[in-house]
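Take a look at the structure set out below.
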Amino acid sequence: MINTDLAEGLVRIIFWRSVMRKTRLWSLVVASASAVSLAACSGPAADETTAAPETTTAAETTTAAETTAAVEEAKGPVTYDAKGSGYGGELNLKVTIDGDTITDLELGEHHETNVVMDRAFPVIRDRILESNTPVVDSVTAATFSSYAVKAAVADAMTQAGLEVEDITMATAGPEKEAKTLEDVNADIVVVGGGPSGLAAAITAKQANKDVNVIVVEKMDILSGNGKFDMNFYDLINSQAQKEAGNEKWTVNQVENFIEAKSTAGDSQERVKVWAEQENVLDAWLRDMGVNLDYNYGAMNHMAKEDQYAGEVIQAGMESCAKELGIEIRTGTKGVDLIMEDGRCVGVNVENNNKESYAIKAQQTIIATGGFCSNKDLLKEYAPGYEVFNTSNQMGTTGDFVKVFEENGFKMEHMDNVRLFPNIIVPRRDLTGGADLSILVNKEGARFISENAGGLELGNAIQAQTDGAVFSITDKTGYDSFYRIRKHVDLGYYSQGETLAELAKALGIDEAGLEAAVEEFNSAAQEGKEDVLLKEAPARALDAQGPYYGVRVEAANHMTKGGVSCNENAQVLYEDGTVVEGLYASGEVTWQSGGYSQSVCFGRVAGEQAVANLK
């Protein structure tokens, strides 16, 4: 028989707790229901096979119904404050659970990179809500951020009294069965959703709105490494240059550009097309709402003095592609070209669901990036570089290098790698750029000229104690360059009012650092040759703090070599003839430049692909 007093008391407790601590309701309801059950079963032992059934009065029945109603009410949606740990530290998430169903996820304060999180969160949110579990595949190119979100959801489920398996970096959804789907047809297929691929797709669609363009991107989010870039360089005839009175690049700018790039390594024909494209690129970007308003010398551009160019350019291109109705298939990797009688007629792809199919197209554009993230290819083509980490995004695995070779396409400068001198450890943010900084090891000593670069610098850094090297600058250096200020303000750098304080914060030898700076400053003040620089330092470090320091390493920033293309972005066979129906642009090709050149020849590929449609 139900103990009426106990049941009524439990109803009151449930009601009160629901008001005061909603985030703990579900576990309380479970406990309350168990208590009611125990009360009903308590009493002297009886022979269950012979005992007469107990009767229940009307009052007791009403009280039981009220208890049940309170229990059911407690099962309504509850929002939990949950936490996870991501790439940048703690991530806060509001998770709404109704009974045993996850109904909503709302991102709170976090320290993840916005250009990644803004793209990745909607994807991981949809996966979790659809599967009703955090045991889902992470978003490729956002592994740490995905882990943080999944761990936070597991935290909320634990608070709700629900069972959930431990979440690790390796947690993934159920294994999928491989399938083969029907072929898909398009006028133009673009493989790669980075800056070059998006530029190609947008330009093609702008040239002919009726053209059917499909973009496939193997990562779950778009924009390659471009979204991280501070500088959009090699741009000429820009509005910002005109406003700054930068006449070299706004008067006779095409001729000046061609002269400046004449020895860069590209063919004369490609340099001419490149110059013509750079000349109209600023206007093209502005037409889609991308304004690069800060020109800081020569051809360098940022969105604003305190805003990176890449995040604005990539967001603008993604938005434009969506408005144009370009079909974009993320999580879909190009695996092979479809060749018929020497002509490319499409590409074979496989998506994250292990579904394979062919995309048949009149024109195919490959914009899959380089191979900085593939140590095997680095060891094969650029031996010595495979020992370094990369500042590039994880999709740069050279997926089509062997495909190109197997089809007899011409490959150029495969041993040419851009090793960036300083990236932040353990992050991968590029640093440097201050008007003056020095490099020291754990002993506080300088060990190489700060003007060194390439393998000389990279190998020297790795040869130091624990491979630990630190970039040191002062307030003047901090004031001179936005990237330094941004990273200091984000807490990536250690600081000290004195060199001794900075050394202590970095964990390096205080006396060694002070001696190194004294020697360096003495050479600068007296205008004497520095033992490492082999010239007089440009200036001395400030006599008074604050000082700033961060651990750095050299890293592979981009591979410069790749498949050979002509001025029309058409891929070439080894004998120099054109591969019909196939174009390539960006880091997958041999090109002397980088970001803006990738966008330029993406536009060329899009223009030419449309022009050659039958």
Check: Would you say the side-chain atoms of Q241 pair up with the backbone N or O of S238, donor to acceptor, closer than 3.5 Å?
Finding: yes

Note to self: Is the shortest side-chain heavy-atom distance between N348 and Y357 below 4.5 Å?
What the structure shows: no

Note to self: If you compare all heavy atoms of A452 against all heavy atoms of L457, which two are closest, and at what distance to 0.1 Å?
What the structure shows: O-CD2, 3.7 Å

Notebook entry, point to check: With a 6.0 Å cut-off on ring centres, are Y233 and Y595 close enough?
Noted result: no

Notebook entry, point to check: Are Q268 and K272 close enough that some pair of their side-chain heavy atoms sits under 4.5 Å apart?
Noted result: no

Note to self: For the CD atom on E259, are there more than 12 heavy atoms of other groups (residues, nucleotides or ligands in this structure) within a distance under 6.0 Å?
What the structure shows: no

Next item on the list: Dump the intermediate steps for side chain to side chain donor-acceptor pair (under 3.5 Å) on N556 and N389, then the final yes or no.
Entry: CA-CA 6 Å; N556 296 319; N389 291 322; over 6 Å; no

Next item on the list: For F420, check ring pair (Phe, Tyr, Trp, His ring centres under 6.0 Å) against everything at least two apart and list the hits.
Entry: H557

Checklist line | Pair E327 + R329: basic N to acidic O under 4.0 Å | finding: yes

Checklist line | Residues N392 and T390: side-chain donor-acceptor under 3.5 angstrom | finding: no

Notebook entry, point to check: Between the side chain of S449 and the main-chain N/O of N451, is any donor-acceptor distance below 3.5 Å?
Noted result: yes

Check: Between K402 and E380, is there a side-chain N and carboxylate O pair less than 4.0 Å apart?
Finding: yes

Check: Please walk me through it: do N352 and D137 pass side chain to side chain donor-acceptor pair (under 3.5 Å)?
Finding: CA-CA 9 Å; N352 289 343; D137 291 342; over 6 Å; no

Checklist line | Results of salt bridge (Lys or Arg N to Asp or Glu O under 4.0 Å) for R286 - residues two or more places apart only | finding: D282, D293

Notebook entry, point to check: Between M219 and A141, which heavy-atom pair has the shortest distance, and what is it?
Noted result: SD-CB, 3.7 Å

Checklist line | Within-4.5 Å side-chain heavy-atom neighbours: V139 and R127 | finding: yes

Return a table of donor-acceptor pairs under 3.5 angstrom between the side chains of residues 332-346 and protein atoms on other chains or two or more places apart.
residue: T332; atom: OG1; partner: T330; partner atom: O; Å: 3.2
residue: R343; atom: NH2; partner: Q362; partner atom: O; Å: 3.2

Next item on the list: Give a yes or no answer on whether the side chain of D575 reaches the backbone of T577 with a donor-acceptor pair at less than 3.5 Å.
Entry: yes

Margin query: For a quick test of reading the model, state the closest non-hydrogen atom pair linking Y381 to P383 and the distance between them.
Written below: C-CD, 3.4 Å

Note to self: Tell me the closest heavy-atom pair linking K560 and S592, and the distance in Å.
What the structure shows: NZ-O, 2.8 Å

Next item on the list: In sequence, state the C-alpha distance, the side-chain angles, and the governing distance for D220 and T140, and then conclude on side chain to side chain donor-acceptor pair (under 3.5 Å).
Entry: CA-CA 5 Å; D220 290 321; T140 50; 3.1 Å; yes

Note to self: For the residue pair S373 / T397, report whether a side-chain donor-acceptor contact shorter than 3.5 Å exists.
What the structure shows: no

Note to self: Minimum heavy-atom separation for M117 and S145, please, with both atom names.
What the structure shows: SD-CB, 3.6 Å

Check: Any side-chain donor paired with an acceptor under 3.5 Å for Q253 and N279?
Finding: yes

Sequence neighbours left out, cut at 3.5 Å: what donor-acceptor pairs do the side chains of residues 607-614 make with other protein atoms?
residue: N612; atom: ND2; partner: Y583; partner atom: OH; Å: 2.8
residue: N612; atom: ND2; partner: Q608; partner atom: O; Å: 3.1

Check: Does Q277 reach the side chain of L281, with side-chain heavy atoms less than 4.5 Å apart?
Finding: no

Margin query: Checking Y87 now: which residues fulfil ring pair (Phe, Tyr, Trp, His ring centres under 6.0 Å) with it, not counting sequence neighbours?
Written below: F144

Checklist line | Verdict with reasoning, S596 to E278, per side chain to side chain donor-acceptor pair (under 3.5 Å) | finding: CA-CA 8 Å; S596 69; E278 293 282 6; 2.7 Å; yes

Margin query: If I compare all heavy atoms of F388 with all of K375, which pair ends up nearest, and what's the gap?
Written below: O-NZ, 2.8 Å

Check: So does K218 pair up with E350, basic N to acidic O under 4.0 Å?
Finding: no

Margin query: Whether K486 and D429 form a salt bridge (side-chain N of Lys/Arg under 4.0 Å from carboxylate O of Asp/Glu) is what I want to check.
Written below: no

Note to self: Looking at A569, is its backbone amide N or carbonyl O close enough to the side chain of N566 to form a donor-acceptor pair, meaning the two atoms are under 3.5 Å apart?
What the structure shows: yes

Note to self: So, using ring pair (Phe, Tyr, Trp, His ring centres under 6.0 Å) as the criterion, who are the partners of W274 when residues are at least two apart?
What the structure shows: F257

Side-chain donor-acceptor distances from residues 193-211 under 3.5 Å, at least two apart:
residue: S196; atom: OG; partner: S585; partner atom: OG; Å: 2.6
residue: S196; atom: OG; partner: G586; partner atom: N; Å: 3.4
residue: S196; atom: OG; partner: S598; partner atom: O; Å: 2.8
residue: T203; atom: OG1; partner: A199; partner atom: O; Å: 2.7
residue: K205; atom: NZ; partner: K209; partner atom: O; Å: 3.1
residue: K205; atom: NZ; partner: V211; partner atom: O; Å: 2.7
residue: Q206; atom: OE1; partner: W284; partner atom: NE1; Å: 2.9
residue: N208; atom: OD1; partner: D210; partner atom: N; Å: 3.0

Margin query: Tell me every residue that passes salt bridge (Lys or Arg N to Asp or Glu O under 4.0 Å) with K304, counting only those two or more places apart in sequence or in another chain.
Written below: none

Note to self: Within the 4.5 Å heavy-atom criterion, are E247 and K242 side-chain neighbours or not?
What the structure shows: no

Next item on the list: Under the salt bridge (Lys or Arg N to Asp or Glu O under 4.0 Å) rule, collect the residues that match up with E450, sequence neighbours excluded.
Entry: R446

Check: By ring pair (Phe, Tyr, Trp, His ring centres under 6.0 Å), which residues pair with F121, not counting sequence neighbours?
Finding: none

Notebook entry, point to check: Do M411 and W590 touch side chain to side chain, with heavy atoms closer than 4.5 Å?
Noted result: no

Next item on the list: Measure from the side-chain N and O atoms of E269 to the backbone N and O of E567, and report whether any donor-acceptor pair falls under 3.5 Å.
Entry: no

Margin query: Check whether Q464 reaches the backbone of A460 with its side chain - one donor and one acceptor, N or O, closer than 3.5 Å.
Written below: yes

Next item on the list: Applying salt bridge (Lys or Arg N to Asp or Glu O under 4.0 Å), name anything that partners E175, two or more places apart in sequence or on another chain.
Entry: K354

Check: Do V280 and N237 have side chains that get closer than 4.5 Å, going by heavy atoms?
Finding: no

Notebook entry, point to check: Which pairs, with at least one residue in residues 406-420 and sequence neighbours excluded, count as a side-chain hydrogen bond (donor to acceptor under 3.5 Å, both in side chains)?
Noted result: E412-S564

Check: Is the closest side-chain heavy-atom distance between L572 and V579 below 4.5 Å?
Finding: no

Next item on the list: Would you check if there is a donor-acceptor pair between the side chains of D187 and N212 at a distance under 3.5 Å?
Entry: no

Note to self: Please verify the inter-ring angle class for F404 with F409; under 30° counts as parallel, over 60° as perpendicular, anything in between as tilted.
What the structure shows: tilted

